[in-house]
Amino acid sequence: MGKQERLPRDFFSQHALKAARQLLGMRLVRTESQTRISGIITETEAYRGEEDLGCHCRSGRTPRTRVMYGPPGYAYVYFTYGQHWMLNFVVEGEGYPAAILIRGINPEEGIKTIASRRANQPSAQWTNGPAKICKALNIDKGFNEADICAPDALLYVERGCSIPDSCVTTGPRVGLNTVPEPWKSIPWRFLVTDYPFESPDVSRI
DNA sequence: AGCACGATTAACT
DNA sequence: GTTAATCGTGCTC
């Protein structure tokens with residue numbers, strides 16, 4: 001495996017559902033101390049528009065959601081439950097709020113670092129959740145509004161492998177317990193099946 | 001200024 | 001299956 005192409009801003013300008021599907025199989029890369037920590041994306045969720053009551057943009061443009069109204073190819077990183085960071089990528093056109101939540105990756109590089117940050121956890125649970133990924137890759141507030149298409153970006157996405165439709169499952173987004181229908185059940189979650197690093201609640205679909 | 005709650009996780013029983 | 005942890009955010013007063 002040689003050097004791989006980084007996803008250009010055009011990739012992130014596409015419709016959120018398409019971007020969420022296409023991100024499966026791509027490689028999320030975090031460069032830290034000149035070292036690569038990476039993993040193949042295995043699970044995503046799409047959030048788009050103020051009418052999507054599961055999206056933070058249901059409240060419109062606020063200090064937190066500002067980045068989602070900006071140009072595509074930027075990171076939206078937010079804090080929740082008093083302790084967890086979540087990584088999203090802004091997609092679609094400037095002015096229309098949409099983002100893709102990265103919920104699962106299959107670790108490839110920087111395994112020792114990932115293992116140390118996920119101490120006392122079995123490898124199958126190192127990065128099978130959105131907050132687990134941020135902990136393993138040391139992603140926090142500092143990456144909010146970061147340009148992931150910049151040449152010197154420390155967080156970016158590479159074209160990894162193509163995942164056939166036969167290996168992809170869709171279902172309702174996770175954790176939207178108090179969100180009204182149809183948003184609670186709309187199948188905007190995408191995940192690769194037959195990978196060992198899926199989220200634990202695959203069986204819920 | 002105060003309040004309710006969350007795109008979760010890990011450790012329980 | 002249940003629950004504590006823990007605080008930024010957006011909403012109401």
Side-chain angles (χ1 to χ4, degrees), chain A residues 12 16-17 19-21 23-24 28 39 41-70 72 74-92 96-105 107 114-146 148 155 169-192 196-205:
Chain A
F12 298 96
L17 294 183
R21 166 64 180 85
L23 276 168
L24 297 177
L28 176 66
I41 296 171
T42 59
E43 181 177 351
T44 59
E45 280 176 1
Y47 291 85
R48 73 182 300 270
E50 295 178 351
E51 64 276 16
D52 173 6
L53 298 182
C55 181
H56 290 159
C57 289
R58 63 183 177 272
S59 305
R61 201 183 289 245
T62 68
R64 180 169 70 156
T65 63
R66 175 180 59 160
V67 64
M68 272 198 272
Y69 288 81
Y74 285 75
Y76 167 41
V77 179
Y78 71 91
F79 187 64
T80 192
Y81 289 104
Q83 42 203 0
H84 302 302
W85 295 98
M86 306 280 181
L87 170 66
N88 299 252
F89 294 132
V90 175
V91 295
E92 302 208 25
Y96 186 86
I100 307 303
L101 173 69
I102 307 301
R103 288 191 58 90
I105 67 172
I114 291 174
S116 68
R117 289 179 177 154
R118 301 286 299 132
N120 305 319
Q121 295 293 334
S123 61
Q125 301 192 62
W126 281 346
T127 52
N128 65 337
K132 297 178 186 181
I133 292 170
C134 288
K135 182 159 190 201
L137 272 56
N138 193 23
I139 295 166
D140 62 13
K141 182 89 178 165
F143 280 95
N144 190 40
E145 303 191 281
I148 60 170
L155 181 67
T169 304
T170 63
R173 296 170 293 181
V174 177
L176 306 190
N177 305 304
T178 63
V179 172
E181 299 291 1
W183 311 108
K184 180 176 179 175
S185 301
I186 202 165
W188 287 1
R189 177 191 187 201
F190 299 78
L191 63 95
V192 178
F197 292 93
E198 293 162 359
S199 278
D201 44 9
V202 169
S203 57
R204 264 198 226 165
I205 293 180

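By convention in this document, chain letters (A, B, ...) are assigned in the order of the sequence lines, proteins followed by strands, and residues within each chain are numbered from 1. Predicted model only: the values in this text are computed from it and were never measured. Side chains included, hydrogens not; waters and symmetry mates left out as well; all remaining heavy atoms used.
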Quiz prompt | Any A:Arg103 side-chain N or O less than 4.0 Å from OP1/OP2 of B:dT8 | solution = yes

Exercise. Quick one: do A:Phe143 and A:Cys134 satisfy side chain to side chain contact (heavy atoms under 4.5 Å, CB included)? Show the steps, please.
Key: CA-CA 10 Å; A:Phe143 280 95; A:Cys134 288; over 6 Å; no

Please list, pair by pair, any protein nitrogen or oxygen found under 3.5 Å from a nitrogen or oxygen in nucleotides 11-13 of chain B.
none

Quiz prompt | Set of residues satisfying side-chain hydrogen bond (donor to acceptor under 3.5 Å, both in side chains) with respect to A:Asn144, sequence neighbours excluded | solution = none

Quiz item: Roughly, in whole Å, what's the span from NZ in A:Lys132 to P in B:dT8?
Solution: 11 Å

Quiz item: Do any N or O atoms from the side chain of A:Glu45 and from the backbone of A:Arg103 form a donor-acceptor pair under 3.5 angstrom?
Solution: no

Quiz item: So, the side chain of A:Glu92 versus the backbone of A:Ala16: is there a donor-acceptor pair under 3.5 Å, distance only?
Solution: yes

Self-check item: Main-chain N/O of A:Ile105 paired with A:Trp126 side-chain donor or acceptor, under 3.5 Å
Solution: no

Quiz item: Is a side-chain N or O of A:Thr65 found less than 3.5 angstrom from the main chain of A:Gly60, in a donor-acceptor match?
Solution: yes

Self-check item: Minimum-distance nucleotide (side-chain atoms of A:Phe79 versus C:dG8, B:dA7, B:dT8)
Solution: C:dG8

Quiz item: Within this structure, what is the OH-to-P distance between A:Tyr76 and C:dG8, rounded to whole angstrom?
Solution: 15 Å

Quiz item: Just by modelled atom types, is the A:Tyr76 backbone N or O under 3.5 Å from a matching donor or acceptor in the A:Asn88 side chain?
Solution: yes

Self-check item: Heavy-atom pair of closest approach, residues A:Gly49 and A:Cys55
Solution: O-CB, 4.0 Å

Practice problem: Using atom CD1 of A:Ile133 as one end and atom P of B:dA7 as the other, report the distance to the nearest whole Å. | Solution: 17 Å

Quiz item: Please give, in whole Å, the distance from C:dG8 P to A:Lys141 NZ?
Solution: 9 Å

Exercise. Mind running a 4.0 Å heavy-atom check of residues 59-67 of chain A against DNA chain C and sending the residues that fall below it, in number order?
Key: A:Ser59, A:Thr62, A:Pro63, A:Arg64

Quiz item: With respect to the phosphate group of B:dC5, does any side-chain polar atom (N or O) of A:Thr178 fall under 4.0 Å of OP1 or OP2?
Solution: no

Quiz item: If you find the nucleotide of DNA chain B closest to A:Arg118 and the one closest to A:Val179, which residue's nucleotide is nearer the 5' end?
Solution: A:Val179

Quiz item: Atom OH of A:Tyr78 and atom C1' of C:dG10: how far apart are they, to the nearest Å?
Solution: 15 Å

Quiz item: Given side chains that start at C-beta, do those of A:Phe89 and A:Ile102 come closer than 4.5 Å, heavy atoms only?
Solution: yes

Quiz item: Would you say A:Arg189 reaches B:dA7's phosphate, i.e. side-chain N/O to OP1/OP2 under 4.0 Å?
Solution: no

Quiz prompt | Partner set under side-chain hydrogen bond (donor to acceptor under 3.5 Å, both in side chains) for A:Arg117, not counting sequence neighbours | solution = A:Glu32

Quiz item: What is the ring orientation for A:Tyr78 with A:His56, classed by angle as parallel under 30°, tilted 30 to 60°, or perpendicular over 60°?
Solution: perpendicular

Exercise. To the nearest Å, give me how far apart CG (A:Leu176) and P (B:dG6) are.
Key: 10 Å

Scan nucleotides 1-5 of chain C against the protein and return all N/O pairs shorter than 3.5 Å with their distances rounded to 0.1 Å.
{"residue": "C:dA5", "atom": "N3", "partner": "A:Gln83", "partner atom": "NE2", "Å": "2.3"}

Quiz item: Within this structure, what is the CG-to-C1' distance between A:Asn128 and B:dA10, rounded to whole angstrom?
Solution: 12 Å

Quiz item: Can any side-chain N or O of A:Thr42 pair as donor or acceptor with the backbone N or O of A:Gly104 at less than 3.5 Å?
Solution: yes

Quiz item: What stems, by residue range, does DNA chain B take part in, given at least 3 consecutive Watson-Crick or G-U pairs under 3.5 Å?
Solution: B:1-6 with C:7-12, B:8-12 with C:1-5

Exercise. For A:Leu53 and B:dA7, give me the distance from atom CG to atom C1', rounded to whole Å.
Key: 14 Å

Quiz item: Can you tell me if A:Trp188 uses its side chain to pair, donor with acceptor, with the backbone of A:Arg173 under 3.5 Å?
Solution: no

Quiz item: Reckon A:His56 has a side-chain N or O less than 4.0 Å from the OP1 or OP2 of C:dT9?
Solution: no

Practice problem: Output yes when a side-chain donor or acceptor of A:Arg118 lies under 3.5 Å from a complementary backbone atom of A:Ser123, and no otherwise. | Solution: no

